[in-house]
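Here is the structure we will look at, set down as C-alpha coordinates.
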Amino acid sequence: MPELPEVETVKRGLRRLIVGKTIQAETHNNAKSFPNPPGDVKAFLVGAKVKDVRRRAKVLLIDLSTGYTLVIHLKMTGQMVYRGKEVFGAGHPNDSLIGKLPDKSTRVGLTFTDNSHLFFNDQRKFGWMRLMPTTEVPNTEFMKKVGPEPLEDAFTPKIFIQRIRRRANTTIKAAILDQTVLAGIGNIYADESLWGAKIHPAERVKDVPDSKLKTLHKEIRFVLNLSIEKGGSTDRNYVNAEGKKGSYIDFARVFRQEGKDCPRHPGVTIIKTRVAGRGTHTCPVCQVLKLA
DNA sequence: CACTTGACCTGTCCGC
DNA sequence: TGCGGACAGGTCAAGT
(Lines give C-alpha, C1' and ligand atoms only; values in the text may rest on other atoms or scores of the structure.)
Protein backbone atom coordinates (compact mmCIF):
# COMPACT_ATOMS: atom_id res chain seq x y z
CA MET A 1 0.00 0.00 0.00
CA PRO A 2 0.44 3.25 0.58
CA GLU A 3 3.12 3.21 3.25
CA LEU A 4 3.61 5.81 6.00
CA PRO A 5 4.40 8.81 3.72
CA GLU A 6 1.45 8.10 1.44
CA VAL A 7 -1.03 7.70 4.31
CA GLU A 8 0.39 10.83 5.95
CA THR A 9 -0.10 12.75 2.69
CA VAL A 10 -3.70 11.57 2.42
CA LYS A 11 -4.27 12.51 6.05
CA ARG A 12 -3.01 16.05 5.54
CA GLY A 13 -5.17 16.47 2.44
CA LEU A 14 -8.30 15.18 4.15
CA ARG A 15 -7.66 17.39 7.17
CA ARG A 16 -7.73 20.40 4.94
CA LEU A 17 -10.69 19.24 2.86
CA ILE A 18 -13.25 17.50 5.09
CA VAL A 19 -12.84 18.61 8.73
CA GLY A 20 -16.01 20.42 9.76
CA LYS A 21 -18.15 18.86 7.04
CA THR A 22 -21.28 16.86 7.80
CA ILE A 23 -21.94 13.46 6.23
CA GLN A 24 -25.31 13.32 4.52
CA ALA A 25 -25.27 9.91 2.82
CA GLU A 26 -23.22 6.74 2.42
CA THR A 27 -23.21 4.02 -0.23
CA HIS A 28 -21.12 0.88 -0.58
CA ASN A 29 -21.17 -2.13 -2.86
CA ASN A 30 -18.87 -4.61 -1.17
CA ALA A 31 -19.35 -5.93 2.37
CA LYS A 32 -15.65 -6.71 2.79
CA SER A 33 -14.72 -3.11 2.12
CA PHE A 34 -17.09 -1.78 4.81
CA PRO A 35 -18.47 -4.57 7.02
CA ASN A 36 -20.46 -2.51 9.55
CA PRO A 37 -24.20 -3.26 9.69
CA PRO A 38 -26.56 -0.66 8.16
CA GLY A 39 -27.71 0.28 11.67
CA ASP A 40 -24.24 1.53 12.60
CA VAL A 41 -24.04 3.60 9.45
CA LYS A 42 -27.40 5.22 10.16
CA ALA A 43 -26.69 5.87 13.84
CA PHE A 44 -23.02 6.89 13.86
CA LEU A 45 -22.07 7.97 10.35
CA VAL A 46 -24.95 9.68 8.59
CA GLY A 47 -25.48 13.10 10.16
CA ALA A 48 -22.04 13.08 11.83
CA LYS A 49 -19.61 15.96 11.53
CA VAL A 50 -15.93 15.27 10.82
CA LYS A 51 -13.93 16.39 13.85
CA ASP A 52 -10.39 15.37 12.94
CA VAL A 53 -8.32 13.16 10.65
CA ARG A 54 -5.41 11.26 12.17
CA ARG A 55 -2.88 8.59 11.22
CA ARG A 56 -1.29 5.77 13.21
CA ALA A 57 1.13 3.50 11.33
CA LYS A 58 -0.50 2.95 7.91
CA VAL A 59 -4.01 3.37 9.33
CA LEU A 60 -6.12 6.43 8.65
CA LEU A 61 -8.55 7.59 11.36
CA ILE A 62 -11.49 9.92 10.71
CA ASP A 63 -12.99 11.05 14.04
CA LEU A 64 -16.68 11.90 14.02
CA SER A 65 -18.90 14.02 16.27
CA THR A 66 -20.89 10.88 17.18
CA GLY A 67 -17.99 9.53 19.24
CA TYR A 68 -17.23 7.03 16.48
CA THR A 69 -14.18 6.83 14.24
CA LEU A 70 -13.86 5.59 10.67
CA VAL A 71 -10.78 3.34 10.75
CA ILE A 72 -9.33 2.85 7.28
CA HIS A 73 -6.58 0.61 5.89
CA LEU A 74 -5.75 1.17 2.22
CA LYS A 75 -3.59 -2.00 1.90
CA MET A 76 -2.18 -2.28 -1.65
CA THR A 77 -4.48 -0.29 -3.92
CA GLY A 78 -6.79 1.76 -1.69
CA GLN A 79 -7.39 5.44 -2.40
CA MET A 80 -9.35 8.10 -0.49
CA VAL A 81 -10.24 10.76 -3.02
CA TYR A 82 -12.22 13.92 -2.38
CA ARG A 83 -14.29 15.68 -5.00
CA GLY A 84 -15.74 19.12 -4.32
CA LYS A 85 -15.36 22.72 -5.30
CA GLU A 86 -11.84 22.87 -3.76
CA VAL A 87 -10.60 20.14 -6.12
CA PHE A 88 -10.90 19.91 -9.87
CA GLY A 89 -12.25 16.72 -11.42
CA ALA A 90 -11.62 14.94 -14.68
CA GLY A 91 -10.23 17.08 -17.47
CA HIS A 92 -8.24 19.40 -15.26
CA PRO A 93 -4.64 19.62 -16.52
CA ASN A 94 -2.99 18.09 -13.47
CA ASP A 95 -1.37 14.66 -13.21
CA SER A 96 -4.46 12.98 -11.81
CA LEU A 97 -4.91 9.24 -12.19
CA ILE A 98 -8.54 9.64 -11.28
CA GLY A 99 -11.02 10.38 -13.99
CA LYS A 100 -14.73 10.37 -13.39
CA LEU A 101 -15.78 9.22 -9.95
CA PRO A 102 -17.31 7.01 -8.79
CA ASP A 103 -15.82 4.34 -11.07
CA LYS A 104 -15.71 0.54 -11.14
CA SER A 105 -13.26 0.30 -8.23
CA THR A 106 -15.22 2.62 -5.95
CA ARG A 107 -16.18 0.57 -2.87
CA VAL A 108 -17.61 3.30 -0.62
CA GLY A 109 -18.92 6.79 -1.29
CA LEU A 110 -19.64 9.50 1.29
CA THR A 111 -21.61 12.60 0.40
CA PHE A 112 -21.35 15.73 2.55
CA THR A 113 -24.13 18.27 3.07
CA ASP A 114 -22.35 20.78 0.77
CA ASN A 115 -22.66 18.15 -2.00
CA SER A 116 -18.96 17.32 -2.01
CA HIS A 117 -17.87 13.65 -1.98
CA LEU A 118 -15.25 11.33 -0.54
CA PHE A 119 -14.65 8.09 -2.45
CA PHE A 120 -12.91 4.97 -1.17
CA ASN A 121 -11.52 3.32 -4.28
CA ASP A 122 -9.79 -0.05 -4.06
CA GLN A 123 -9.06 -2.11 -7.12
CA ARG A 124 -7.94 -5.28 -5.32
CA LYS A 125 -10.45 -5.17 -2.43
CA PHE A 126 -7.75 -5.84 0.19
CA GLY A 127 -8.42 -2.54 1.91
CA TRP A 128 -11.24 -1.87 4.35
CA MET A 129 -12.90 0.75 6.49
CA ARG A 130 -14.94 0.25 9.61
CA LEU A 131 -16.71 2.28 12.23
CA MET A 132 -15.89 1.85 15.89
CA PRO A 133 -16.14 3.94 19.06
CA THR A 134 -13.21 6.39 19.15
CA THR A 135 -12.27 5.23 22.65
CA GLU A 136 -11.98 1.63 21.40
CA VAL A 137 -9.44 2.35 18.67
CA PRO A 138 -6.36 2.11 20.94
CA ASN A 139 -7.68 -1.21 22.33
CA THR A 140 -7.74 -3.04 19.00
CA GLU A 141 -5.25 -5.88 18.59
CA PHE A 142 -3.43 -3.99 15.86
CA MET A 143 -3.02 -0.78 17.86
CA LYS A 144 -1.86 -2.67 20.94
CA LYS A 145 0.94 -4.49 19.14
CA VAL A 146 2.04 -1.98 16.48
CA GLY A 147 5.51 -0.50 16.96
CA PRO A 148 6.55 3.14 17.47
CA GLU A 149 6.09 5.95 14.95
CA PRO A 150 9.50 6.32 13.31
CA LEU A 151 9.31 10.10 12.91
CA GLU A 152 8.50 10.88 16.54
CA ASP A 153 11.27 12.05 18.89
CA ALA A 154 10.70 9.06 21.14
CA PHE A 155 11.92 6.78 18.35
CA THR A 156 15.60 6.91 19.27
CA PRO A 157 18.37 4.72 17.81
CA LYS A 158 18.47 2.92 21.15
CA ILE A 159 14.76 2.03 21.01
CA PHE A 160 15.09 0.91 17.38
CA ILE A 161 18.05 -1.36 18.11
CA GLN A 162 16.35 -2.80 21.18
CA ARG A 163 13.19 -3.64 19.25
CA ILE A 164 14.80 -5.01 16.09
CA ARG A 165 17.11 -7.33 18.04
CA ARG A 166 14.00 -9.35 18.95
CA ARG A 167 14.03 -10.53 15.33
CA ALA A 168 17.62 -11.81 15.47
CA ASN A 169 17.30 -14.73 13.06
CA THR A 170 15.25 -13.17 10.32
CA THR A 171 16.50 -10.98 7.50
CA ILE A 172 16.93 -7.28 8.15
CA LYS A 173 14.38 -6.53 5.44
CA ALA A 174 11.71 -8.77 7.00
CA ALA A 175 12.47 -7.15 10.37
CA ILE A 176 11.91 -3.55 9.23
CA LEU A 177 8.76 -4.59 7.34
CA ASP A 178 7.43 -6.05 10.61
CA GLN A 179 4.91 -3.49 11.86
CA THR A 180 5.40 -4.61 15.47
CA VAL A 181 9.07 -3.58 15.32
CA LEU A 182 8.34 -0.11 13.98
CA ALA A 183 5.31 1.36 12.22
CA GLY A 184 4.93 2.42 8.63
CA ILE A 185 7.74 0.86 6.55
CA GLY A 186 6.70 -1.04 3.42
CA ASN A 187 8.58 -2.41 0.43
CA ILE A 188 9.60 0.92 -1.10
CA TYR A 189 11.15 2.49 2.00
CA ALA A 190 12.65 -0.81 3.15
CA ASP A 191 14.73 -0.99 -0.04
CA GLU A 192 15.52 2.72 -0.05
CA SER A 193 16.68 2.87 3.57
CA LEU A 194 18.75 -0.34 3.35
CA TRP A 195 20.58 1.04 0.33
CA GLY A 196 21.13 4.28 2.26
CA ALA A 197 22.67 2.35 5.15
CA LYS A 198 24.65 0.04 2.81
CA ILE A 199 23.10 -3.11 4.29
CA HIS A 200 22.14 -6.13 2.19
CA PRO A 201 18.40 -6.85 2.70
CA ALA A 202 19.02 -10.58 3.20
CA GLU A 203 21.53 -10.04 6.02
CA ARG A 204 20.37 -11.68 9.27
CA VAL A 205 19.64 -9.14 12.01
CA LYS A 206 22.09 -10.87 14.36
CA ASP A 207 24.88 -10.26 11.81
CA VAL A 208 24.23 -6.52 11.56
CA PRO A 209 26.32 -4.53 14.08
CA ASP A 210 24.77 -1.76 16.20
CA SER A 211 26.73 0.86 14.27
CA LYS A 212 24.97 -0.18 11.05
CA LEU A 213 21.56 -0.27 12.76
CA LYS A 214 22.17 3.26 13.96
CA THR A 215 22.82 4.35 10.37
CA LEU A 216 19.70 2.48 9.25
CA HIS A 217 17.64 4.32 11.86
CA LYS A 218 18.85 7.62 10.42
CA GLU A 219 18.21 6.50 6.81
CA ILE A 220 14.66 5.35 7.63
CA ARG A 221 13.83 8.80 8.99
CA PHE A 222 15.54 10.45 6.03
CA VAL A 223 13.61 8.56 3.32
CA LEU A 224 10.26 8.86 5.13
CA ASN A 225 10.71 12.62 5.62
CA LEU A 226 11.86 13.14 2.04
CA SER A 227 8.90 11.16 0.72
CA ILE A 228 6.38 13.15 2.78
CA GLU A 229 7.95 16.28 1.32
CA LYS A 230 7.44 14.85 -2.19
CA GLY A 231 3.84 13.81 -1.52
CA GLY A 232 4.66 10.07 -1.36
CA SER A 233 5.44 7.51 -4.07
CA THR A 234 3.21 6.66 -7.00
CA ASP A 235 4.56 3.37 -8.30
CA ARG A 236 1.26 2.10 -9.63
CA ASN A 237 -1.92 3.76 -8.53
CA TYR A 238 -1.38 5.69 -5.31
CA VAL A 239 -2.97 9.15 -5.30
CA ASN A 240 -3.52 11.72 -2.57
CA ALA A 241 -6.85 13.13 -1.34
CA GLU A 242 -7.06 15.34 -4.43
CA GLY A 243 -6.41 12.42 -6.79
CA LYS A 244 -2.85 13.53 -7.56
CA LYS A 245 0.30 11.43 -7.77
CA GLY A 246 3.31 11.65 -5.45
CA SER A 247 6.81 12.24 -6.82
CA TYR A 248 9.20 10.38 -4.49
CA ILE A 249 9.87 7.77 -7.21
CA ASP A 250 11.71 10.48 -9.16
CA PHE A 251 14.19 10.62 -6.27
CA ALA A 252 14.38 6.86 -5.59
CA ARG A 253 17.91 5.46 -5.57
CA VAL A 254 17.07 1.74 -5.97
CA PHE A 255 13.33 1.07 -5.80
CA ARG A 256 12.12 0.33 -9.34
CA GLN A 257 15.55 1.40 -10.63
CA GLU A 258 16.68 -2.07 -11.80
CA GLY A 259 18.87 -1.78 -14.88
CA LYS A 260 19.94 1.76 -13.99
CA ASP A 261 23.21 2.82 -12.40
CA CYS A 262 23.69 2.97 -8.63
CA PRO A 263 23.93 6.68 -7.69
CA ARG A 264 27.13 5.91 -5.76
CA HIS A 265 28.70 3.73 -8.45
CA PRO A 266 28.46 4.87 -12.07
CA GLY A 267 28.61 1.78 -14.27
CA VAL A 268 27.24 -0.55 -11.59
CA THR A 269 23.70 -1.75 -12.31
CA ILE A 270 20.92 -1.94 -9.73
CA ILE A 271 19.55 -5.47 -9.60
CA LYS A 272 16.18 -6.89 -8.59
CA THR A 273 15.94 -10.07 -6.53
CA ARG A 274 13.53 -11.58 -4.02
CA VAL A 275 13.97 -11.22 -0.24
CA ALA A 276 11.35 -11.87 2.46
CA GLY A 277 8.99 -12.84 -0.37
CA ARG A 278 9.13 -9.35 -1.86
CA GLY A 279 10.71 -7.80 -4.94
CA THR A 280 13.98 -6.32 -3.68
CA HIS A 281 16.29 -3.75 -5.26
CA THR A 282 19.98 -3.48 -4.40
CA CYS A 283 23.36 -2.24 -5.56
CA PRO A 284 25.66 -5.28 -5.75
CA VAL A 285 28.66 -3.14 -4.78
CA CYS A 286 27.28 -1.09 -1.84
CA GLN A 287 25.20 -3.92 -0.38
CA VAL A 288 27.27 -7.03 0.11
CA LEU A 289 25.90 -10.06 1.89
CA LYS A 290 28.43 -11.23 4.44
CA LEU A 291 28.90 -14.97 4.23
CA ALA A 292 28.71 -16.34 7.73
C1' DC B 1 7.88 -18.81 20.37
C1' DA B 2 10.31 -17.40 15.90
C1' DC B 3 10.02 -17.63 11.32
C1' DT B 4 8.24 -18.54 6.45
C1' DT B 5 4.74 -19.18 3.09
C1' DG B 6 0.37 -18.78 0.94
C1' DA B 7 -4.05 -16.53 0.57
C1' DC B 8 -6.82 -12.59 -0.14
C1' DC B 9 -8.33 -9.79 -5.24
C1' DT B 10 -7.99 -7.42 -9.79
C1' DG B 11 -5.26 -5.73 -13.40
C1' DT B 12 -1.24 -5.48 -16.30
C1' DC B 13 2.67 -6.97 -18.61
C1' DC B 14 5.55 -10.34 -20.94
C1' DG B 15 6.54 -14.47 -23.58
C1' DC B 16 4.75 -17.78 -26.75
C1' DT C 1 -4.84 -10.96 -30.84
C1' DG C 2 -5.22 -14.47 -27.40
C1' DC C 3 -3.78 -17.15 -23.47
C1' DG C 4 -1.12 -18.51 -19.36
C1' DG C 5 1.74 -17.18 -15.77
C1' DA C 6 4.20 -14.01 -12.92
C1' DC C 7 3.93 -10.04 -10.45
C1' DA C 8 2.12 -5.69 -7.84
C1' DG C 9 3.15 -0.78 -2.59
C1' DG C 10 0.15 -5.14 2.94
C1' DT C 11 -1.30 -8.10 6.37
C1' DC C 12 -2.76 -12.40 8.45
C1' DA C 13 -3.70 -17.29 9.17
C1' DA C 14 -1.66 -21.47 8.91
C1' DG C 15 2.32 -24.14 8.38
C1' DT C 16 7.22 -25.82 9.82
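Note on naming: letters A, B, ... go to the chains in the order of the sequence lines (proteins, then strands), and numbering restarts at 1 for each one. Source: prediction; values computed, not measured.
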For [X] and [N], is the shortest distance between a side-chain N/O and OP1 or OP2 below 4.0 Å?
X	N	result
Lys104(A)	dT10(B)	no
Gln179(A)	dT11(C)	yes
Asn169(A)	dA2(B)	no

Does a distance-only test, which skips hydrogens and angles, find a donor-acceptor pair under 3.5 Å between the side chain of Arg167(A) and the base of dA2(B)?
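Answer no: no donor N or O sits under 3.5 Å from an acceptor.
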
Rounded to the nearest angstrom, tell me the gap between atom [atom1] in [X] and atom [atom2] in [N].
X	N	atom1	atom2	value
Asn237(A)	dC13(B)	CG	P	12 Å
Arg278(A)	dT4(B)	CZ	C1'	14 Å
Lys173(A)	dT11(C)	NZ	C1'	15 Å
Arg56(A)	dT11(C)	CZ	P	12 Å
Gln123(A)	dC8(B)	CD	P	18 Å
Arg165(A)	dC3(B)	CZ	P	13 Å

Both Phe142(A) and Gly279(A) contact DNA chain C. Taking the nearest nucleotide for each, which residue is further toward the 5' end?
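First, find each residue's nearest nucleotide; the 5'-ward one identifies Gly279(A).
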
Heavy atoms from C-beta onward define the side chain here; which of [options] lies closest to that of [X]?
X	options	value
Thr170(A)	dT10(B), dA8(C), dT4(B)	dT4(B)
Lys32(A)	dC8(B), dC3(B), dC12(C)	dC8(B)
Lys58(A)	dG11(B), dT10(B), dT11(C)	dT11(C)

Regarding Arg107(A) and the six-membered ring of Trp128(A), is the cationic atom NZ or CZ under 6.0 Å from the ring centre and inside 45° of its axis?
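Because its charged atom misses either the 6.0 Å distance or the 45° angle limit, Arg107(A) does not stack over Trp128(A).
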
Are [X] and [Y] close enough that a side-chain donor and a side-chain acceptor fall under 3.5 Å?
X	Y	answer
Asn169(A)	Lys206(A)	yes
Asp122(A)	Thr77(A)	yes
His217(A)	Glu219(A)	no
Lys21(A)	Tyr82(A)	yes
Thr106(A)	Asn121(A)	yes

Could you list the donor-acceptor pairs under 3.5 angstrom formed between side-chain atoms of residues 222-233 of chain A and any protein atom two or more places apart in sequence or on another chain?
residue, atom, partner, partner atom, Å
Asn225(A), ND2, Arg221(A), O, 3.1
Ser227(A), OG, Tyr189(A), OH, 2.6
Ser233(A), OG, Tyr189(A), OH, 2.6

Within the structure shown, what part of the strands sits under 4.0 Å from [X] by heavy-atom distance: base, sugar-phosphate, or nothing?
X	answer
Ser105(A)	nothing
Arg107(A)	nothing
Gly186(A)	sugar-phosphate

Close N/O contacts between protein and nucleotides 3-7 of chain C (under 3.5 Å):
none

Pi stacking test for Phe126(A) and dT11(C): under 5.5 Å apart, planes under 30°:
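Stack criterion not met.
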
Which residues pass the side chain to side chain donor-acceptor pair (under 3.5 Å) test with Arg165(A), sequence neighbours left out?
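Checked Arg165(A) against side chain to side chain donor-acceptor pair (under 3.5 Å); matches are Asp210(A).
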
Quick one: ring pair (Phe, Tyr, Trp, His ring centres under 6.0 Å) partners of Phe112(A), sequence neighbours excluded?
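Phe112(A) satisfies ring pair (Phe, Tyr, Trp, His ring centres under 6.0 Å) with no other residue.
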
With rounding to whole Å, what would you report as the distance between dA13(C) and dC9(B) at their P atoms?
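Between the two P atoms, the distance is 15 Å.
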
Under the salt bridge (charged side-chain N to carboxylate O under 4.0 Å, His left out) test, which residues partner Asp52(A), sequence neighbours left out?
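Only Arg15(A) meet the salt bridge (charged side-chain N to carboxylate O under 4.0 Å, His left out) criterion with Asp52(A).
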
Output field dot_bracket for DNA chain C (Watson-Crick or G-U, both distances under 3.5 Å, | for other-strand pairs) contains .|||||||.|||||||

